[in-house]
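Take a look at the structure set out below.
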Amino acid sequence: MRTRVTIIGAGPAGSLLAHLLQGAGIDCVLLERRSRDYVLGRIRAGVLEAGTVGVLRDADLAGRMDRPREDGGGDPHDGVGLALDHGRLRIDFADLVDRRVMLWGQTEVQRDLYDALEVDGTTFLDRVDEVDLHDLDTDRPRVTFLHDGTRQQITSDWVIGCDGSHGVSSGHVPDQRVFEHSYPFGWLGILSETPPVDDELVYASHERGFALCSMRHAMLSRYYVQCEADDRVDDWSDDRFWTELADRLPDEIAERLVTGPSIEKSITPLRSFVAEPMRHGRLLLAGDAAHVVPPTGAKGLNLAVSDVVLVAAALRAHYHEGDDDPVDAYSDVALSRVWKAVRFSWWLTTLTHRFPDRSPFDRRIQAAEFDHLASSRNARATFADNYTGLPIPLDDLHAGRPRVAA
Ligand code: RFL
Ligand code: PHB
């Protein structure tokens, strides 16, 4: 097979990139290890930044999301709540930065993307195995893989590694520098067909640990509690989960909690990870293949989107204008945005979680941060600026460099 761009991994990063490239008249082939149904069944992120919403609209992917909420559409949120023990505050995004976020699950984004790929007529091979990358230092890189029991090869101009944190692409960047930070806890998440406890998300920091109230729609709630890093799902009965959640929420919220059977329950370890650079020769990395953040800032999916918007713009410049400066700038420009999301996710995790080796000093620092947010409009505006999403630095890409050297 021969194409211009081979994309490895058809999660949100890979499938959005394929759609953007097809829209720009750049042929690509998409390879995915899992089955389509498996990818569509994964329950993951729920919050879309303002910029991500704009990208989906511009790419004609927002039809279902923009339906009224009562008809199953996304739910625009003007703010979020924070709680520390029994104190509460609200960050009013609309007032502070005139932006909002959209509650629209990654599962829905993925479904719209797979439908669009079908309409685009993209060559999309799922259930591929033994994917390997070759000749990345040349301008004819190759990807080999097994599909339906047959060994195949694609030659292309570019290979884009969108294969997530357990993929193979990242390992093909020699002299890679890895920056890693792990947290001594995980998140236990459940989905339940119950009305959400509040109209907005609530991030709660409590002596017993962190809790988050989120939602998908009027009769589908998503809740998380901080758990031990080595806990197993079987350790957590539904009863234990609801009791723990209620204990960590301010009383006036806990009183409104409607409980019910969980329809999904999973544990996610928390870590921060960045692999630099995001390019080697004709290989570019995007999304979780290059960086992972703890879910606290709701940034993982949004970073995948901003990376591939940059990749698509760089490849458009390469093919349509014969300009390679944007491709050369890609890694530094993408990393300049990635690190700000890594910082915000780390900061919000540190502010809201219970650390096992935490001293009374650390708890006072958390209280002081919280108090600063409660009393300073500037502090809340900084929160809102980061949470609703920093701009996607397309201008920097075209200028050929990040605003601040990475
Ligand atoms: P993905 O979604 O992991 O997609 C990568 C795809 O590549 C495939 N793949 C391969 N394909 C071919 N050959 C190989 N050798 C391959 N190896 C892997 C995989 O099957 C997969 O389909 O990465 P992408 O596209 O970069 O998108 C990133 C987002 O999915 C991710 O950042 C977020 O979902 C992170 N995340 C969350 N983010 C949030 O903002 N809020 C959340 O609540 C939240 N919860 C989560 C999460 C990630 C989780 N993971 C990765 C286990 C919960 C979980 C459980
Ligand atoms: C979710 O709804 O799954 C969700 C929301 C906000 C987060 C993480 C996950 O920070």
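A quick note: this is a predicted structure, and the numbers were derived from the prediction, not measured. For ligands, and for the atoms within them, numbers begin at 1 and follow the listed sequence.
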Can you check side chain to side chain donor-acceptor pair (under 3.5 Å) on T350 and Y183, steps first, answer last? CA-CA 9 Å; T350 309; Y183 303 83; 5.8 Å; no
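- Listed by number with element, the atoms of ligand 1 under 4.0 Å from a non-hydrogen atom of A13 are 24 (P), 25 (O), 26 (O).
- Of all the listed residues (G46, S345, A45), A45 holds the heavy atom that lies closest to atom 38 (N) of ligand 1.
- Under 4.0 angstrom from ligand 1, the non-hydrogen atoms of I8 all belong to its side chain.
- In this structure, atom 36 (N) of ligand 1 is not in close contact with the protein, since no protein heavy atom lies within 4.0 Å of it.
- For ligand 1, the atoms sitting less than 4.0 Å from at least one non-hydrogen atom of V131 are 13 (N), numbered in the order shown with element in parentheses.
- The ligand atoms of ligand 1 that sit less than 4.0 angstrom from a heavy atom of G11 are 4 (O), 6 (C), 22 (O), 25 (O).
- Proximity to R44 (heavy-atom distance under 4.0 Å) selects the following atoms of ligand 2: 3 (O).
- Using a 4.0 Å cut-off between heavy atoms, A298 contacts ligand 2 through both its backbone and its side chain.
- Residue contact check: P295 has heavy atoms under 4.0 Å from atoms 7 (C), 8 (C), 10 (O) of ligand 2.
- For atom 26 (O) of ligand 1, the closest non-hydrogen atom on the protein side is D288 N, 2.9 Å.
- The nearest non-hydrogen atom to atom 51 (C) of ligand 1, considering only R44, R33, R222, E49, comes from R44.
- Residue contact check: L201 has heavy atoms under 4.0 Å from atoms 5 (C), 6 (C) of ligand 2.
- For D385 and R99, the salt-bridge test passes: some basic side-chain N is under 4.0 Å from an acidic carboxylate O.
- Atom numbering of ligand 2 starts at 1 in the shown order; those under 4.0 Å from a heavy atom of Y203 are 6 (C), 7 (C), 10 (O).
- With respect to the salt-bridge test (charged N to carboxylate O, under 4.0 angstrom), the residues R282 and D157 do not qualify.
- With rounding to the nearest 0.5 Å, the separation of NE2 in H291 from OG in S272 is 12.5 Å.
- Heavy-atom proximity to V47, at under 4.0 Å, picks out these atoms of ligand 2: 5 (C), 6 (C).
- The nearest non-hydrogen atom to atom 15 (N) of ligand 1, considering only V168, L303, V293, comes from V168.
- Close approach of ligand 1 to C162 (heavy-atom distance below 4.0 Å) involves ligand atoms 5 (C), 6 (C), 7 (O).
- Here T268 has side-chain heavy atoms under 4.0 Å from ligand 1, and that is the only part of it that gets that close.
- Below 3.5 Å of separation, one finds an N or O of Y224 facing an N or O of ligand 2.
- For ligand 2, the polar-atom distance check against W187 finds no nitrogen or oxygen pair separated by under 3.5 Å.
- When the heavy-atom distances from atom 43 (O) of ligand 1 to Y224, Y38, W187, F145 are ranked, the shortest goes to Y224.
- Nearest to atom 1 (C) of ligand 2 by heavy atom, out of M215, R216, K299, is R216.
- Nearest non-hydrogen protein atom to atom 18 (C) of ligand 1 is D163 O, 3.1 Å.
- The shortest heavy-atom distance from I43 to ligand 2 is not under 4.0 Å.
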For I7 and L31, what are the C-alpha separation, side-chain angles and deciding distance, and is it a side-chain contact (heavy atoms from CB on, under 4.5 Å)? CA-CA 6 Å; I7 302 172; L31 303 177; over 6 Å; no
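- Between S214, C213, G300, G46, it is S214 that holds the heavy atom closest to atom 2 (O) of ligand 2.
- Taking a 4.0 Å cut-off on heavy atoms, S266 fails to register as neighbouring ligand 1.
- D126 and R33 are not joined by a salt bridge, as no carboxylate oxygen comes within less than 4.0 angstrom of a charged side-chain nitrogen.
- Listed by atom number, the atoms of ligand 1 under 4.0 Å from G167 heavy atoms are 17 (N).
- Residues P195 and M219 meet the side-chain proximity criterion, which asks for heavy atoms closer than 4.5 Å.
- With a heavy-atom cut-off of 4.0 Å, Q106 touches ligand 1 through its side chain alone.
- Looking only at heavy atoms of the protein, atom 20 (O) of ligand 1 is closest to E32 OE2, 2.6 Å.
- Between D75 and R69 there is a salt bridge, since a side-chain N of the basic residue sits under 4.0 Å from a carboxylate O of the acidic one.
- Scanning H166, R42, R34 for the heavy atom closest to atom 21 (C) of ligand 1 points to R42.
- Applying the 4.0 Å criterion to heavy atoms of G164 picks out, from ligand 1, the atoms 3 (O), 5 (C), 23 (O).
- Close approach of ligand 2 to R222 is summarised as follows: ligand atoms under 4.0 Å from at least one heavy atom of the residue are 3 (O).
- Counting atoms of ligand 1 from 1 in the listed order, those under 4.0 Å from a heavy atom of A298 are 40 (O).
- Comment: E264 does not engage R216 in a salt bridge, judged by the lack of any side-chain N to carboxylate O separation of less than 4.0 angstrom.
- If you number the atoms of ligand 1 from 1 as listed, the ones under 4.0 Å from a heavy atom of K299 come out as 40 (O).
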